[in-house]
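Worksheet for the structure shown next.
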Amino acid sequence: MIDVEEPWSPGWWLARCHKKLKARLPELDRLDRYRRGDPPLPRRAEVEKRAFRDFVRLARLNVAETIVSSVTERLCVRAVRTAVEGSQAGDAKAWETYRANGLDVELPDVLDTMCALADAYMIVGVDPAVTGTPTPSQVQITAEDPRQVVTIHDPVRQSRVRAGAKFFHDPDVGADFAYLHTPGKVYVATRTRRATTGSAVPFSPTSWSWSDEHGGPEGTSLPDGLDDVVGIVRFRNRHGTGEYEPHTDVLDRINHVILQRVVIVTMQAFRQRALKGDFPSVYPADWPEESLRGRRIDYDQLFVSSPDALWLLPGAAEVWESAQADVQGVLSAAADDLKHLAVVTRRPMWIFAPDNQSASGADRAAEGLVFAVEDRARRAGNALAQVMSLALRFQGETDRARLDKITVDWMPFERHSLGTRAAAARDARTAGMSSRWIMEHVWQATPEEVAIEEQAVAADRLAAALLTVTDTAGAVPGAA
């Protein structure tokens with residue numbers, strides 16, 4: 001049993017964290033469904049037969065994922081600079097930590113979650129088996145889902161985390177776990193549970209207990225000098241909302257219009273035919289075939305559609321055929337809704353309809369996307385700097401860990417053709433810019449690529465100089 005009544009105690013913080021997480025789960029699950037291309041179906045479809053639900057699913061267009069990826073695909077870290085090594089190449093120690101934890105893969109997942117679900121998290125720690133000062137590969141930096149992790153912040157200064165927790169189920173062990181992080185301490189609570197229901201991990205103080213393997217009620221302390229550290233960093237999107245969260249009504253309307261088109265095309269894929277006129281219900285008494293006289297006429301059997309069918313019709317009968325269904329109006333409505341979505345999300349229309357804009361119009365519309373990417377880069381860069389600061393502090397790199405000196409260098413948010421880059425490089429060279437500046441800012445090379453190119457240029461110059469010396473030494477004195 002865990003005591004959750006005493007204010008500021010570990011159990012009290014754990015209960016508060018779970019309460020906050022539980023309140024957020026319904027909205028996070030809803031937003032995640034849009035991201036996965038599985039938005040809520042119309043109310044009728046939820047209770048209808050499976051065949052109808054499968055039919056309705058054909059009308060869903062995953063625009064939410066496009067809205068998110070249009071931003072996150074442009075966010076790529078080029079270098080991390082600290083107070084110790086703030087050169088163009090960045091800090092080698094910080095970059096080693098970055099690469100050793102696979103952040104070139106983990107960070108894009110965090111950014112994708114941040115833009116889709118409003119919040120994402122990273123947890124920084126050290127393998128418990130490590131003794132002494134950890135190396136970059138022994139520091140653990142993990143990407144976390146906001147449906148499992150939550151933080152409680154100082155209401156006066158939101159950047160200060162008072163406590164944070166991660167709740168998850170381990171199916172191999174058959175137990176639920178809760179990792180509580182408070183300044184300088186980590187507590188682990190657990191309870192046995194074989195079956196799982198949904199994504200939420202329930203919490204009740206009577207069924208949970210502190211893990212003796214992790215210090216019991218006293219928890220485990222972080223290394224000396226880390227008494228103020230809470231190893232959870234929150235990545236928060238603008239306004240604390242997902243990129244498409246305020247616009248789910250528009251997304252629903254787009255799917256609704258597409259559904260109407262699918263229904264119309266399906267129900268009216270073939271022209272309907274009918275016979276108009278006064279048709280008798282029985283064969284007349286003078287019918288040529290005596291056995292049919294006076295019997296009921298089965299028109300369904302008579303008028304069978306077949307290439308070799310020949311229908312015998314009364315003189316006043318008329319064959320009617322329906323007109324082909326016109327879905328152009330529905331298509332136009334869907335296109336208009338996409339335009340509205342482009343306006344409210346400040347995304348270029350060519351993201352949703354590539355053949356819809358001219359080149360000049362696309363360039364002007366792309367400005368809103370570039371500004372959005374720059375804003376998300378600042379927010380994510382601030383959180384990533386906190387992650388790197390914690391990781392460096394765990395390694396004892398006090399000077400490098402100064403948060404006010406850590407900067408994250410991003411790759412350019414816009415990509416240009418080789419012809420455009422070549423012209424810009426000539427202009428920059430004429431303006432007196434250095435070769436390194438041109439390689440980094442015009443050719444958009446990474447620090448590693450710049451270093452390799454500088455070595456290659458130096459090798460070429462050395463080879464050329466040696467060739468010149470050899471040619472001069474081998475020349476015949478006085479020769480013409």
**Message:** One thing to verify: whether Asp91 and Arg81 come together as a salt bridge, which I'm taking to mean a side-chain N less than 4.0 angstrom from a carboxylate O.
**Reply:** no
**Message:** Is it the case that the side chains of Thr142 and Glu106 hold a donor-acceptor pair, with the cut-off being a distance below 3.5 Å and no angle test?
**Reply:** no
**Message:** Could you go through Leu75 and Phe413, starting from their C-alpha distance and side-chain angles, then the distance that decides it, and tell me whether this counts as side chain to side chain contact (heavy atoms under 4.5 Å, CB included)?
**Reply:** CA-CA 7 Å; Leu75 294 174; Phe413 304 136; 4.0 Å; yes
**Asked** Any sub-3.5 Å donor-acceptor pair from Arg160's side-chain atoms to Asp154's backbone N or O?
**Response** no
**Request:** Locate the shortest heavy-atom distance separating Gly231 from Leu390; write the atom from each residue and the value.
**Result:** CA-CD1, 4.2 Å
**Request:** Flag the pair Tyr121 / Val387 as yes when at least one side-chain heavy-atom distance between them is below 4.5 Å, and no otherwise.
**Result:** no
**Request:** Please lay out, stage by stage, how Glu144 and Met122 fare under the test side chain to side chain contact (heavy atoms under 4.5 Å, CB included).
**Result:** CA-CA 5 Å; Glu144 302 295 340; Met122 277 190 160; 5.9 Å; no
**Item:** Thr430 side chain to Arg426 backbone, donor-acceptor under 3.5 Å
**Value:** yes
**Message:** Are the side chains of Val186 and Leu180 in contact, using a 4.5 Å heavy-atom criterion?
**Reply:** no
**Prompt:** Between Arg30 and Glu27, does at least one N-O distance fall below 4.0 Å, as a salt bridge requires?
**Reply:** yes
**Request:** Please state whether the rings of Tyr98 and Trp95 are parallel, tilted or perpendicular, taking 30° and 60° as the class boundaries.
**Result:** parallel
**Request:** Kindly determine whether Asp227 and Lys185 satisfy salt bridge (charged side-chain N to carboxylate O under 4.0 Å, His left out), including the steps that lead there.
**Result:** CA-CA 8 Å; Asp227 297 339; Lys185 302 276 286 188; over 6 Å; no
**Request:** Could you tell me whether the side chain of Asn255 and the main chain of Leu61 form a donor-acceptor pair under 3.5 Å?
**Result:** yes
**Asked** Would you find a donor on one side and an acceptor on the other, under 3.5 Å apart, between the side chain of His18 and the backbone of Val201?
**Response** yes
**Prompt:** Going by heavy atoms in the side chains, are Arg162 and Pro155 under 4.5 Å from each other?
**Reply:** yes
**Prompt:** If you measure from the Lys or Arg side-chain nitrogens to the Asp or Glu carboxylate oxygens, is any gap between Arg253 and Asp249 under 4.0 Å?
**Reply:** no
**Request:** I would like to know whether Asp32 and Arg36 meet salt bridge (charged side-chain N to carboxylate O under 4.0 Å, His left out); could you show each step before the answer?
**Result:** CA-CA 6 Å; Asp32 184 63; Arg36 292 185 288 107; 2.8 Å; yes
**Message:** Under a plain distance cut-off of 3.5 Å, with no hydrogens placed, do Gln386 and Asn382 share a side-chain donor-acceptor pair?
**Reply:** yes
**Test: Arg393 and Asp228 ion pair at under 4.0 Å** = yes
**Donor-acceptor contact present, side-chain Thr248 to main-chain Tyr244, <3.5 Å** = no
**Request:** Taking the side chain as every heavy atom from C-beta outward, state whether Leu21 and Arg147 have any pair of such atoms under 4.5 Å apart.
**Result:** no
**Message:** Looking at Lys20, I want to see if its NZ is surrounded by more than 12 non-hydrogen atoms of other residues, nucleotides or ligands under 6.0 Å.
**Reply:** yes
**Message:** Using salt bridge (charged side-chain N to carboxylate O under 4.0 Å, His left out), reason through Asp119 and Arg24 one step at a time and then give a plain yes or no.
**Reply:** CA-CA 11 Å; Asp119 286 335; Arg24 300 170 57 195; 3.1 Å; yes
**Closest approach of Leu222 to Val229 (non-hydrogen atoms, all atoms of both residues)** = CD1-O, 3.7 Å
**Message:** I'd like to know if the side chain of Glu245 and the backbone of Gly242 have a donor-acceptor N/O pair within less than 3.5 Å.
**Reply:** yes
**Stepwise side chain to side chain contact (heavy atoms under 4.5 Å, CB included) test for Val68 and Arg35** = CA-CA 8 Å; Val68 170; Arg35 175 174 62 168; 5.6 Å; no
**Message:** Check whether Asp127 reaches the backbone of Val130 with its side chain - one donor and one acceptor, N or O, closer than 3.5 Å.
**Reply:** no
**Request:** Step by step, work out the side chain to side chain contact (heavy atoms under 4.5 Å, CB included) result for His181 and Ile123.
**Result:** CA-CA 10 Å; His181 295 253; Ile123 295 181; 4.1 Å; yes
**Prompt:** What class does the angle between the rings of Phe167 and Phe203 fall in, given that below 30° is parallel, 30 to 60° is tilted and above 60° is perpendicular?
**Reply:** perpendicular
**Complete:** Closest non-hydrogen atoms of Leu251 and Ala64, given as atom of the first, atom of the second and distance, are CD1-CB, 4.1 Å
**Message:** Is it the case that the side chain of Gln138 and the backbone of Thr135 share a donor-acceptor pair, with hydrogens and angles ignored and the cut-off at 3.5 Å?
**Reply:** yes
**Request:** Output, in order, the C-alpha distance, side-chain angles, deciding distance and verdict of salt bridge (charged side-chain N to carboxylate O under 4.0 Å, His left out) for Glu243 and Arg376.
**Result:** CA-CA 10 Å; Glu243 294 291 321; Arg376 307 312 184 264; 2.6 Å; yes
**Item:** Beyond-backbone contact of His169 with Pro171, side-chain heavy atoms, under 4.5 angstrom
**Value:** yes
**Residues in side chain to side chain contact (heavy atoms under 4.5 Å, CB included) contact with Pro183, at least two apart in sequence or another chain** = Val230
**Message:** Quick check: closest heavy atoms across Thr190 and Ala175, and the distance to 0.1 Å?
**Reply:** OG1-CB, 3.9 Å
**Request:** Look at the side chain of Asn101 and the backbone N and O of Ile141, then say whether any donor-acceptor pair between them is shorter than 3.5 Å.
**Result:** yes
**Message:** Surrounding CG of Asp224 (heavy atoms of other residues, nucleotides or ligands, distance under 6.0 Å), is the total greater than 12?
**Reply:** no
**Request:** Please round to the nearest 0.5 Å and tell me the distance separating atom CG of Asp38 and atom CZ of Arg33.
**Result:** 4.5 Å
**Message:** Would you say that Tyr187 contacts Thr182 through its side chain, given a criterion of any heavy-atom pair below 4.5 Å between the two side chains?
**Reply:** yes
**Asked** Got a second to check how far Arg379's CZ is from Arg238's CZ, nearest 0.5 Å?
**Response** 6.5 Å
**Asked** Taking Gln395 for the side chain and Ala391 for the main chain, is one N or O donor matched with an acceptor at less than 3.5 Å?
**Response** yes
